[in-house]
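No hydrogens, no waters, no symmetry mates; every other heavy atom, side chains included, goes into these values.
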Amino acid sequence: MGKQQQESEGSRRKVVVIGGGIGGSFLAKSLQFIADVTLIDSKEYFEITWASLRAMVEPPFAERSVVYHKDYIVNGRIVTSDAINFTENEVLTEDGNRIAYDYLVIATGHKDPVPESRSERLDQFKTENQKIKSAQSILIVGGGPTGVELAGEIAVDFPDKKVTLVHKGSRLLEFIGPKAGHKTLDWLVAKNVDVKLGQTVDLNSISDGGGNTYVTSAGESIKADCHFLCTGKPVGSGWLKDTTLKNNLDSHGRLMVDENLRVKGQKNIFAIGDITDIAEIKQGYVAKKHASVVTNNLKILMSGGKEGKMETYRPQAAMAIVSLGRKEGVAQFPFMTTIGCIPGLIKSKDLFVGRTRKELGLQSKVN
């Protein structure tokens with residue numbers, strides 16, 4: 001009976017999660033029946049972001065990859081607004097809400113200017129798809145995973161289009177090892193993608209329209225009907241610079257956390273996902289592992305357990321799979337780097353969308 005009473009008391013503890021990306025969404029979903037959970041997010045939906053490039057060439061795909069928060073948070077509160085500050089026991093939002101908390105989890109990842117409503121996001125994919133379809137030549141700026149995957153999607157689905165990819169680095173996919181970058185370059189070239197390394201493009205003086213000419217830093221001219229900017233997004237920590245955690249940000253704007261994923265020096269504030277200063281590749285599966293660790297630690301704290309029993313997070317090995325169209329991919333595992341159909345079988349067909357939906361308690365398919 002004592003244990004049941006303790007669990008009942010724990011369920012009334014207030015947990016506020018700021019950020020509805022992969023880490024924040026999974027944590028809020030996991031805690032919704034054992035705590036009083038509030039999710040604060042600037043948009044009304046959770047997006048499986050690594051599927052967004054497929055949605056650009058196949059807009060109906062987004063019907064499964066863009067999910068209303070209310071569809072998986074059925075026993076919590078959702079506040080569609082930005083957090084702007086917080087006190088030791090309340091979060092203040094842009095729309096004037098003051099939300100009390102016992103525990104705070106910051107999961108604001110990277111700043112991505114997407115629409116607030118799900119319908120607008122779906123329309124955005126349709127617009128981008130039309131942009132691709134109506135163009136004969138396309139410029140992609142950025143050779144990280146986003147630029148490479150977009151080039152792969154277009155090259156496979158629209159093989160007649162002229163695709164040029166410009167990247168400022170000396171190799172593609174610099175976030176993982178050089179073998180993956182070299183294999184990917186060969187694959188793209190075989191698909192008739194023109195890859196220009198060690199160059200940048202000034203897009204400020206270019207506006208989309210027919211027959212644009214883009215000039216690279218090496219003085220090369222590229223003719224393209226449209227362009228897509230696929231460079232890195234800023235860390236979503238700008239709002240923290242006016243809070244009591246301003247001194248907890250490192251030189252890259254990431255929150256410094258301890259081995260339990262608590263913000264250093266804080267007893268009841270955690271951080272998960274891309275906003276943390278942990279030296280590891282920032283990816284969705286890593287954010288899910290963060291969410292799992294903090295979920296377990298909050299359960300311990302809310303039930304009156306000792307801090308010494310909290311779970312320790314261990315940084316993940318440098319492992320990644322980058323899709324190359326619908327059937328192939330390039331993968332870096334701890335023991336090997338490979339390209340072709342095997343990585344494609346693991347990720348490229350469905351991009352883990354069905355699995356992610358199931359983990360959220362939703363059906364893999366939508367009616």
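Residues Ser52 and Glu47 are in side-chain contact: their nearest non-hydrogen atoms beyond the backbone lie under 4.5 Å apart. Side-chain contact between Arg171 and Thr184: absent, with no pair of heavy atoms (C-beta onward) separated by less than 4.5 Å. In this structure the side chain of His290 reaches within 4.5 angstrom of the side chain of Leu261, judged on heavy atoms. Taking the side chain as every heavy atom from C-beta outward, Val293 and Met310 never approach each other to under 4.5 Å. Side chains of Asp157 and Arg326 form a contact here, defined as non-hydrogen atoms less than 4.5 Å apart. In this structure, Val66 and Leu122 have side chains that are in contact, with non-hydrogen atoms separated by less than 4.5 Å. Within the 4.5 Å cutoff, the side chain of Ile84 has no heavy atoms near those of the Thr93 side chain. Residues Asn97 and Arg77 have side chains in contact (heavy-atom distance under 4.5 Å, counting atoms from C-beta outward).
Relative to the six-membered ring of Phe26, Lys29 misses at least one condition, a distance below 6.0 Å or an angle of at most 45° to the axis. Figure legend: cation-pi geometry between Lys14 and Tyr101 absent, as NZ or CZ is not positioned both under 6.0 Å from the six-membered ring centre and within 45° of its axis.
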Legend entry - Test log, rule side-chain contact (heavy atoms from CB on, under 4.5 Å), inputs Lys309 and Asn297: CA-CA 8 Å; Lys309 293 186 176 181; Asn297 288 343; over 6 Å; no
Inset, instruction - Apply side-chain contact (heavy atoms from CB on, under 4.5 Å) to Val57 and Phe158, showing your working. - result: CA-CA 9 Å; Val57 298; Phe158 303 97; 4.0 Å; yes
Legend entry - Derivation and outcome, salt bridge (Lys or Arg N to Asp or Glu O under 4.0 Å), residues Glu307 and Arg262: CA-CA 11 Å; Glu307 290 188 9; Arg262 280 193 296 193; 3.1 Å; yes
Inset, instruction - Please assess Ile106 against Phe270 for the test side-chain contact (heavy atoms from CB on, under 4.5 Å), listing each intermediate value before the final yes or no. - result: CA-CA 6 Å; Ile106 300 172; Phe270 292 78; over 6 Å; no
Legend entry - CA sep, side-chain torsions, deciding dist, call: Ile48, Phe46, side-chain contact (heavy atoms from CB on, under 4.5 Å): CA-CA 7 Å; Ile48 303 173; Phe46 161 68; 3.7 Å; yes
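Between Glu63 and the choices Lys365, Arg118, Arg357, Arg121, the salt bridge (charged side-chain N to carboxylate O under 4.0 Å, His left out) rule is met once, by Arg118. Of the residues Thr49, Leu53, Val322, the one that meets the side-chain contact (heavy atoms from CB on, under 4.5 Å) test with Thr146 is Leu53.
Across Ala135 and Ile138, no two heavy atoms sit closer than the pair CB-CG1, 3.9 Å. Nearest approach of Ser323 to Ser348, heavy atoms of both residues: OG-OG, 3.3 Å. Across all their heavy atoms, Glu280 and Pro315 have their closest contact at OE1-CA, 3.4 Å. The minimum heavy-atom distance between Val353 and Ala51, with the atom names listed, is CG2-CB, 3.7 Å. Nearest approach of Thr80 to Ser42, heavy atoms of both residues: CG2-O, 3.9 Å. Summarising the geometry of Ala83 relative to Ile18, their closest heavy-atom pair is CB-CG2, 3.7 Å, with the distance given to 0.1 Å.
Linking ILVMFWY residues whenever their side-chain heavy atoms come closer than 4.5 Å, directly or via other members, places Val79 and Leu240 in the same cluster. Grouping the Ile, Leu, Val, Met, Phe, Trp and Tyr side chains by contacts below 4.5 angstrom, directly or via other members, places Ile34 apart from Leu104. Taken together through direct or relayed side-chain contacts under 4.5 Å among Ile, Leu, Val, Met, Phe, Trp and Tyr, Phe61 and Ile321 form part of one hydrophobic cluster. Both Val67 and Tyr285 are assigned to one and the same hydrophobic cluster, defined by single-linkage of ILVMFWY side chains at heavy-atom distances under 4.5 Å. One hydrophobic cluster, built from ILVMFWY side chains closer than 4.5 Å, holds both Ile140 and Val189.
Between Leu173 atom CG and Leu185 atom CG the span is 10.0 Å, to the nearest 0.5 Å. Distance check: Phe86 CZ to Leu92 CG gives 10.5 Å after rounding to the nearest 0.5 Å. Rounding to the nearest 0.5 Å gives a distance of 7.5 Å between CD1 of Ile300 and CD of Glu311. Atom-to-atom distance recorded for Thr38:OG1 and Ile73:CD1 is 9.5 Å, nearest 0.5 angstrom. Atom CE in Met56 sits 11.0 Å away from atom OG1 in Thr127 (nearest 0.5 Å). Taking OG1 from Thr108 and CG from Leu255, the interatomic distance works out to 7.0 Å, rounded to the nearest 0.5 Å.
Here the side chain of Glu328 pairs no donor or acceptor atom with the backbone of Pro343 at under 3.5 angstrom. Formation of a donor-acceptor pair under 3.5 Å by the Asp82 side chain with backbone atoms of Asp41 is not found in this model. In terms of modelled atom types and a separation under 3.5 Å, the side chain of Arg254 and the main chain of Val235 share no donor-acceptor contact. Not one N or O on the side chain of Arg13 forms a donor-acceptor pair closer than 3.5 Å with the backbone of Leu298. In this structure a side-chain-to-backbone donor-acceptor pair under 3.5 Å is missing from Lys111 to Ser237. In this structure, the side chain of Asp258 engages the main chain of Asn260 through a donor-acceptor pair within 3.5 Å. The main-chain N or O of Leu351 is found under 3.5 Å from a side-chain atom of Trp50 such that the two form a donor-acceptor pair. Under a 3.5 Å cut-off, the side chain of Lys223 and the backbone N or O of Asn212 do not form any donor-acceptor pair. Panel note: side chain Gln32, backbone Val37; no donor-acceptor pair is recorded below 3.5 Å. Here the side chain of Lys161 pairs a donor or acceptor atom with the backbone of Lys133 at under 3.5 angstrom.
Using a 4.0 Å cut-off between charged side-chain N and carboxylate O, Glu149 and Lys347 make a salt bridge. A salt bridge does not link Asp225 to Lys131: none of the charged side-chain nitrogens sits closer than 4.0 Å to a carboxylate oxygen.
With ring centers used as reference points, His69 lies 6.0 Å or more from Tyr45.
Using modelled atom types and a 3.5 Å distance limit, the side chains of Ser25 and Tyr72 yield a donor-acceptor pair.
Heavy atoms from other residues, nucleotides or ligands lying under 6.0 Å from NZ of Lys43 number more than 12. When the shell of 6.0 Å around NZ of Lys162 is examined, it contains more than 12 heavy atoms from other residues, nucleotides or ligands.
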